[in-house]
Every structure is written in structure tokens, then in C-alpha cells.
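See below for the structure under consideration.
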Protein chains: 2
Amino acid sequence: MLRAAVELADAVGIDAVSMRRLAQELGVVPMALYKHVANKDQLLDGMVDVVLGEIEPADPALDWQVGVRARVLSARRAVLRHPWARQAIESRTHRTPAVLGYMDSLAGTFRRGGFSADLTHHVMHALGNRIWGFSPELFDEPPVAATTPPSAEEQQALAARFAEEYPHILEIAVAAAGGDLSGVGTGCDEQFEFEFALDLLLDGFDRLRVQGWTSARGVASGRA
Amino acid sequence: MLRAAVELADAVGIDAVSMRRLAQELGVVPMALYKHVANKDQLLDGMVDVVLGEIEPADPALDWQVGVRARVLSARRAVLRHPWARQAIESRTHRTPAVLGYMDSLAGTFRRGGFSADLTHHVMHALGNRIWGFSPELFDEPPVAATTPPSAEEQQALAARFAEEYPHILEIAVAAAGGDLSGVGTGCDEQFEFEFALDLLLDGFDRLRVQGWTSARGVASGRA
DNA sequence: GTTGACAGGTGTACGGCGTACACCTAGCGT
DNA sequence: ACGCTAGGTGTACGCCGTACACCTGTCAAC
């Protein structure tokens, strides 16, 4: 069913993907879809996960910089294969397992490359903007120790599972909270992250300017 | 009316802004709105322009880096003031005068700072992602010499008007086409732009890594 | 002072949307 | 033989954007 939805979106665009239209495509009555997804939002989440699943896995043998580059470009390729994906990803606020998994593995690449958890945190933010646009809250803390209602034991189990599944994200979150575990879940300082990435770019711009950088335009078809 | 729409969106979110709801808010029948905008898309365009209008004007006395930084942060503030604005901006593909004006003035700041038209082009792309997310086509060439139908004279007049209004954008477009004016309108090499910005970031990351960068977290409340 | 254009508000209607709710049916473990 | 359950059905409600025909007040030109 998700496959059908993705194909339909590829064919007619995301706006034309309605529960009714998708049902028709599947030769089924609209309400039948609700036996598989709770609502349309969940359908979109699923579709996004399909696209994210197309991102090639990390190659741990690669140097961190090459590895990250390859990973991000692979993500870009996946998104470009489905023109509707960018908009869909940006409209989602949920952190599905696919999103968390991708983030965690990317964070792992940085860590193995010698980045501190702290620095990893910030560069992930800076990169986040590049990978899926302007989604500050994307990195906000998942409910590892935030919500109160569920029983303390369930809570523990959930946290443990999270720690096992996404060790790097947890590590980063802890680092971001300054080692103060109780503060985990308060979210990031978005303004800091924004300026961090902005200044990184501006400094890069300046370096290119002083060295008289110019694109290879004109000779051959450009770009190496 | 645009003011009312913006206020409504601020109050109840962009999804709840419907022609009907907005009309009700204005004490008017839904169809009355269509005397002022052609359709809902145009309403959203107008709302985005209102937000863009809140961006503070450039201060030409500032150093380019300080100036760009101030401008981008001002844009961010405007967008943050209207939580719906990010999504709305990203969903628009039109280049309204407000967007073009902002881009042109930003490009001018780079040019005055000693950037070549070529480099300005690329850094604008790199920054574009930061300002309003992942909108590759935002910088695609406006129809300065692209569409065929309108009479050659009208065409000329339009191009002249564009050149006067947005000189820097034009300059950049020409530079991007490699001085070959006939090629203007073919759009940018998005893959190149993407990798350009990505590598700029990765290089910046590496520099921070080797110098053992760490956020000021822990002392005081962080961030200067 | 009449007239006619025009800006802008009105009312009705259509087709599409997401989805709540009640119902049906086939297959299967007991 | 029986009840559970996964999954498909049909109807209905209240939203949405907007096409189309109509009305009303204002004001310039005659």
C-alpha cells in the first residue's frame, strides 16, 4: 500500500494523492485504507520512510568526510528520485524510526572520525538544514525521559531500547544537556545552531573570496 | 485584507486559514475575497510578501560579512515571528517582487564586499538553503529572455525594467550563463550548487575538529 | 439629473476532501 | 460449530476552493 502511494505520488504529484484517489488506484473503497493507517498523516509518514529507506547504508571503511559526503549525496539522490519527497519531509514533524536511524548512523560517522559528541551535535544541525531543509525541531529531544504518564518501568525499558537503537543520538543529547541528564528533553538552542551554521558558511565564503575562487565554468562542463 | 490573513494565521495557524474562515473574520461572504485575489495561492503569496516586508533593509555602511549576517538574522526573526511563514515560503515557487528585491539587495552586499558575480551566485545558493530551506528552483532564472509569446518590444521593455529593478540578480544570471546571454534562462546546475555548499560546510567542520572546537556550554548560559 | 461603468459584496451550487460510524465477510484457531 | 479478528463496504457529515449569476453603491461624463 505504501508502495502504491509512493508510485502514485511519483506519477501525479503529492497534492493529488488523496485517500480517495489512492483507494481507487488500489481498487478498493476509501475507508478500507484506514485499516492500515490511522489517518493521512500516518500515510505521509510511511511514504517518507520509504524514501528514506532508499538511502544507501553507511560504509564504515570510508574516511569520515568522504563517508558523510557520500551519505548526504545518497540522501539527495533519493529525494530527487521522488520530486514530492522534499515537501513531504519538510511537512512532517515526527521523528520516525527511519529518520532516527539515518541520523544516528550519520552521527556515528562523525564520532568515529574524531568529532566530540558536542561538535557532532552542532555539525549535525548545520547539515540538517542541508539534508532536509529548514527543520529546527527535527533534532529536538525525543521523549527519552520527558513525558511523565507511562509507568516508571515501561519508561526505563523504552529508554533502554532507545539507547540501544540510537546510541549516538542519545550521546549527543546528553552532551547537549551538558551532562545534566535531567535537562535532556528541553530541546536545543536553535538560535545558537542557526548562527553556528551561518557563521561557518560566512567564514567559508570569506576564504573563497580572498583566494579569488572561481568556478571552473567555461572549461569543459564544469564541476569535477 | 492581507493584514487580516496574516493575523489570522498567527492566531490559528496556516492550515486553519481558509477563504471561508478569513471571510468570516472579515465579516464578509467568502466569494467577496475573490475581488481582491485571484485564488488562494495568490493570497499566500501576498502573506509571504508581508512577512518578507518585515525584514529590515540593508545597511550599506556595514562590512559585507556583518551586513549579510544582520540581514539573514533579520529574515530569520521575521520568519520566527510568524510560525507559519517557513512552511508558507517553502510551499511558494513564485518569485514575487519582495523575494527578488531581498535577493537582489543581498547580492549587492556581496558584490560591494568584493565578491565576483560568479562567487556571489554560488554563495547566494549556499545561503538560500539557510534562509528559506531547500528551494533549489528559487534561483532559477526569471523569464528575462525565456518565454516567447509576448511581442519583442514588450519583451525588451520587461527585460529593461527587470535590469533596472534587480541589477545584481541579472548580473549573476549572466555570469552563471558564462557570459552567453542566449543561455540565460536554462537554470542553474543544482547539483553543483548543492555540492558547493556541502563541501564548504564539511571543510568548516574539519577545521573545527582539528582545532578542538567546543561550544561554550557550561560556563554561563552559553552563546555570546 | 440621468446614465452607465465599475468596484466590490452576495447567494447558490458543485465536486472534492478527510474521516466517523455501523456493518459485512472470509479465514482460522479452538 | 463457534467466535475472533483482519480487512473490505456504504453512508453520511462538515469542511474546502471556487465558478457563475446577481445585486448595490459611487462617481464621472454627458
Side-chain angles (χ1 to χ4, degrees), chain A residues 1-51 82-99 135, chain B residues 1-51 82-99 135:
Chain A
M1 154 171 180
L2 285 179
R3 234 190 320 275
V6 168
E7 278 166 26
L8 182 56
D10 285 346
V12 303
I14 193 71
D15 287 344
V17 175
S18 65
M19 297 304 265
R20 295 173 128 98
R21 176 73 191 267
L22 176 57
Q24 186 185 328
E25 217 72 22
L26 290 167
V28 114
V29 88
M31 286 311 291
L33 302 180
Y34 287 88
K35 298 291 170 167
H36 304 275
V37 294
N39 50 49
K40 191 176 180 180
D41 267 3
Q42 205 168 97
L43 172 69
L44 291 176
D45 282 345
M47 292 170 66
V48 167
D49 276 11
V50 168
V51 174
H82 307 284
W84 47 271
R86 184 172 56 83
Q87 181 187 335
I89 289 172
E90 283 169 9
S91 74
R92 309 290 79 204
T93 58
H94 284 11
R95 293 161 297 259
T96 68
V99 173
S135 339
Chain B
M1 154 169 180
L2 285 178
R3 234 191 318 277
V6 168
E7 278 167 27
L8 181 56
D10 285 345
V12 303
I14 192 72
D15 287 344
V17 175
S18 64
M19 297 303 265
R20 295 171 129 99
R21 175 72 192 267
L22 176 57
Q24 186 185 328
E25 217 73 23
L26 289 167
V28 113
V29 88
M31 286 313 291
L33 301 180
Y34 287 89
K35 299 291 168 164
H36 304 275
V37 294
N39 50 49
K40 191 176 180 181
D41 267 3
Q42 203 168 100
L43 172 69
L44 291 175
D45 281 345
M47 292 171 65
V48 166
D49 275 11
V50 169
V51 173
H82 308 284
W84 48 271
R86 185 171 56 81
Q87 181 187 335
I89 290 172
E90 283 169 8
S91 74
R92 310 289 77 206
T93 59
H94 285 11
R95 293 161 297 259
T96 68
V99 173
S135 338

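Quick caveat, the model's predicted, so the values are computed rather than measured. Labels below follow one simple rule: chain letters A, B, ... track the order of the sequence lines, proteins then strands, and each chain is numbered from 1.
Atom-to-atom, CG of A/L33 to C1' of D/dA6 comes out at 15 Å; the value is rounded to the nearest Å. In this structure, A/M19 atom CE and D/dG8 atom P are separated by 13 Å, rounded to whole Å. B/Y34 places its OH atom 6 Å from the P atom of D/dG17, with the value rounded to the nearest Å. Across the protein-nucleic acid pair, B/L22 atom CG and D/dG17 atom C1' stand 13 Å apart, rounded to whole Å. Atom-to-atom, CG of B/L26 to C1' of C/dT10 comes out at 15 Å; the value is rounded to the nearest Å. Residue A/M31 contributes atom CE, which lies 15 Å from atom C1' of C/dC24 at whole-angstrom precision. Going from atom NZ of B/K40 over to atom P of C/dC17 covers 16 Å, rounded to whole Å. Atom pair A/Q24:CD and C/dG16:P shows a separation of 10 Å (rounding to whole Å applied).
Comparing A/N39 and B/V28 along DNA chain C, the residue whose closest nucleotide (by nearest heavy atom) sits nearer the 5' end is B/V28. DNA chain D is contacted by both B/R21 and A/A32; A/A32 maps to the nucleotide lying nearer its 5′ end (nearest heavy atom per residue). In terms of position on DNA chain C, the residue among A/S18 and A/A38 whose nearest nucleotide sits closer to the 5' end is A/S18.
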Practice task
Please step through side-chain hydrogen bond (donor to acceptor under 3.5 Å, both in side chains) for the pair A/D45 and A/T96, ending with a clear verdict.
Solution key: CA-CA 7 Å; A/D45 282 345; A/T96 68; over 6 Å; no
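The minimum heavy-atom distance linking B/A5 with B/V17 is given by the pair O-CG2, 4.4 Å.
A donor-acceptor contact shorter than 3.5 Å is absent between the side chain of A/D41 and the backbone of A/L44.
Residue A/H36 has a polar side-chain atom (N or O) positioned under 4.0 Å from OP1 or OP2 of D/dG8.
B/M1 has its side chain within reach of B/V37: a pair of non-hydrogen atoms, C-beta onward, lies under 4.5 Å apart. Side-chain atoms of A/D49 and A/L2, non-hydrogen and from C-beta on, never get closer than 4.5 Å to each other.
A/K35 contributes a side-chain N or O that forms a donor-acceptor pair with the base of D/dG8 under 3.5 Å.
Nearest nucleotide to the B/R20 side chain, out of C/dG18, D/dG17, D/dG7: D/dG17.
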